[in-house]
Amino acid sequence: MKEVFALIDCNNFYASCERVFNPKLEGKPVVVLSNNDGCVVARSNEAKVLGIGMGVPAFEVKNIIEKNNVEVFSSNYALYADMSSRVMETLSTFTPDIEIYSIDEAFLNLAGFSCCLTDYGLKIRKTVKKWTGVPVTVGMAGTKTLAKIANRIAKKSNKANGVVDLTDSAYLSRALAETEVAKVWGVGYMTVLKLKKAGIETALALRDADISWIRQKLGVVGMRTVYELRGISCYPLEQNPSVKKSITVSRSFGKPIEKIEELKEATASYASRAGEKLRQEGLAASVMTVFITTSRFIESRYFNSHTVKFPAATSDTIELVHNACCCIDRLYRKGCLFKKSGIILSGLISEKHIQKNLFDRVDRGKSCRLMQAVDAINSRLDSPLRWAADGLKQPWKVKFNKRSHRYTTHWDELLEVS
DNA sequence: TCTGGGGTCCTAGGACCC
DNA sequence: TCTGGGGTCCTAGGACCC
């Protein structure tokens with residue numbers, strides 16, 4: 001049977017989430033900032049028109065923001081995650097064959113649907129908007145890469161009504177000719193440089209490029225992209241989310257850290273968060289990497305990392321925190337102003353398959369029961385239990401100065417109507 | 001002054017084996 | 001001492017994604 005992929009993409013997702021609970025924002029320029037209110041990570045269409053770029057530091061667009069009364073929000077991850085699951089739940093009523101690709105995107109497999117695909121796309125769009133308040137765009141085609149392109153066109157076109165179907169479309173070549181090669185899924189900055197050098201500027205030219213040349217210059221990944229542009233599907237729908245291979249917790253600090261004690265506190269708190277994530281997934285880590293860094297934007301940047309292997313794979317927060325602090329002792333350099341640290345856990349295995357260590361001095365059964373108790377309490381009561389190593393005052397804590405209410409996940413932040 | 005966070009996959013090269 | 005071919009596994013770094 002012929003493959004049909006539909007890519008459903010939420011429009012300006014974070015900005016749209018803010019609008020759902022704050023209708024006054026409708027029609028106004030809205031931006032959402034990253035942690036510490038650093039960079040712009042989402043923009044409403046009105047904000048895009050003003051020339052506010054994706055990923056630019058907030059201070060660089062301060063003037064535009066002030067002059068045009070742009071509404072600015074800190075990231076509200078609790079809200080966006082919950083809204084995302086509402087959107088995905090809605091989408092899964094249209095077909096069980098769904099791959100949740102990111103917080104704001106999903107692929108559906110519509111192969112074998114005998115209805116008019118465009119009509120079905122319009123129905124999806126209407127339903128998601130009605131049930132969740134989030135506007136989405138639908139792109140359909142025979143491969144994921146082409147569905148991405150269809151979606152892009154649906155976003156830009158005024159005629160399309162938010163739905164573009166490129167399966168068996170007479171417009172496919174024209175669509176590819178009008179798509180810059182840089183906008184093709186899987187083609188990043190470095191690849192664009194190589195392609196431009198060879199005179200390949202559009203998706204159409206990439207589709208028609210010599211495949212052995214592509215294999216040589218861009219490897220198998222580039223080759224897959226070209227096949228996908230030719231309508232040969234190389235990336236199937238991934239329904240069962242693959243098991244995680246690594247877990248990272250890293251944050252820039254709300255203010256730079258000079259003292260080793262504070263650096264340990266911050267890093268310990270990331271380690272305990274990493275432990276929570278690990279246990280949520282039912283995993284244990286064999287390897288932990290700790291890194292610290294000063295600002296990326298100074299010449300004398302100091303970056304260093306250290307990796308430890310555990311004698312037996314673990315998900316015990318006490319062990320993770322202890323090792324993280326030992327790493328900091330090795331990595332710390334006096335006189336540096338640290339901006340960020342992080343924990344990367346790898347060598348992940350299911351907690352059911354942990355290879356025990358003969359000389360293990362930790363009582364694993366006891367530690368496991370302790371972690372379960374802590375997790376259970378923290379999940380029920382909005383995380384009241386904290387580890388002493390995380391510190392109390394936490395002056396380094398990430399700043400969210402303009403965060404909206406967590407309307408859908410916190411009782412005391414519910415929207416009030418008067 | 002102020003510059004995000006969390007992932008995956010591929011490739012090349014080294015170590016090691018028969 | 002030199003000669004050859006074929007293979008696996010691991011790691012670091014590159015590139016890309018949202």
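Reminder, nothing fancy here: chain letters follow the sequence lines and each chain counts from 1.
- Note on Lys183(A): nothing from the nucleic acid sits closer than 4.0 angstrom, heavy atoms only.
- Along DNA chain B, the nucleotide nearest Lys245(A) and the nucleotide nearest Tyr14(A) are compared for position; the residue whose nucleotide lies closer to the 5' end is Tyr14(A).
- No contact: Val32(A) has no heavy atom under 4.0 Å from any strand.
- dG4(B) sits 15 Å from dC17(C) when the C1' atoms are compared, rounded to a whole Å.
- Where DNA chain C pairs in unbroken runs of 3 or more (Watson-Crick or G-U, both distances under 3.5 Å), the stems are B:5-18 with C:5-18.
- Residue Ile103(A) is out of contact with every strand shown, counting any heavy-atom pair closer than 4.0 Å.
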Give every donor-acceptor pair under 3.5 Å between a side-chain atom in residues 176-187 of chain A and any protein atom, sequence neighbours left out.
unit_1, atom_1, unit_2, atom_2, d
Thr179(A), OG1, Ala175(A), O, 2.7
Trp185(A), NE1, Tyr101(A), OH, 3.3

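- Reading DNA chain B from its 5' end, the first and the last nucleotide to sit under 4.0 Å from a heavy atom of chain A are dC2(B) to dT11(B).
- Looking at heavy-atom distances under 4.0 Å, Lys148(A) makes contact with sugar-phosphate atoms alone, never a base.
- Residue Ile200(A) forms a side chain to side chain contact (heavy atoms under 4.5 Å, CB included) with just one option from Leu206(A), Thr191(A), Val192(A), Asp208(A), and that option is Leu206(A).
- Ionic pairing of Lys264(A) and Asp329(A) is present here: one or more N-O contacts between side-chain nitrogen and carboxylate oxygen are shorter than 4.0 angstrom.
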Checking side chain to side chain donor-acceptor pair (under 3.5 Å) for the pair Thr409(A)/Asp82(A): CA distance, chi angles, key distance, verdict?
-> CA-CA 7 Å; Thr409(A) 53; Asp82(A) 187 63; over 6 Å; no
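- Lys255(A) comes within 4.0 angstrom of no nucleic acid atom, judged by non-hydrogen atoms across all strands.
- Counted by atom type alone, Arg279(A) and Thr317(A) present one or more donor-acceptor pairs between their side chains at under 3.5 Å.
- At the heavy-atom level, Val56(A) lies nowhere under 4.0 Å from the strands shown.
- The side-chain hydrogen bond (donor to acceptor under 3.5 Å, both in side chains) pairs that include a residue from residues 19-29 of chain A are Arg19(A)-Glu46(A), where partners are two or more places apart or lie in different chains.
- Backbone-only engagement by Asp104(A) is indicated by non-hydrogen atom pairs under 4.0 Å involving sugar-phosphate atoms exclusively.
- Applying the ring-ring contact (aromatic ring centres under 6.0 Å, His included) rule to pairs touching residues 4-54 of chain A yields Tyr14(A)-Tyr80(A), Phe21(A)-Tyr407(A), sequence neighbours excluded.
- Across all strands, Glu105(A) comes closer than 4.0 Å only to sugar-phosphate atoms, never to a base (heavy-atom distances).
- Using a 3.5 Å distance cut-off with no hydrogens or angles, the side chains of Thr137(A) and Asn151(A) do not pair a donor with an acceptor.
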Less than 3.5 Å apart, which donor and acceptor atoms pair up between the side chains of residues 235-252 of chain A and the rest of the protein, not counting sequence neighbours?
unit_1, atom_1, unit_2, atom_2, d
Gln239(A), OE1, Ile98(A), N, 3.4
Gln239(A), NE2, Asp97(A), OD1, 3.2

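- Where Ser295(A) and Val221(A) meet DNA chain B, the nucleotide closest to each residue was compared, and Ser295(A) sits on the side nearer the 5' end.
- Across all strands shown, Thr191(A) has heavy atoms under 4.0 Å from sugar-phosphate atoms exclusively, and none from any base.
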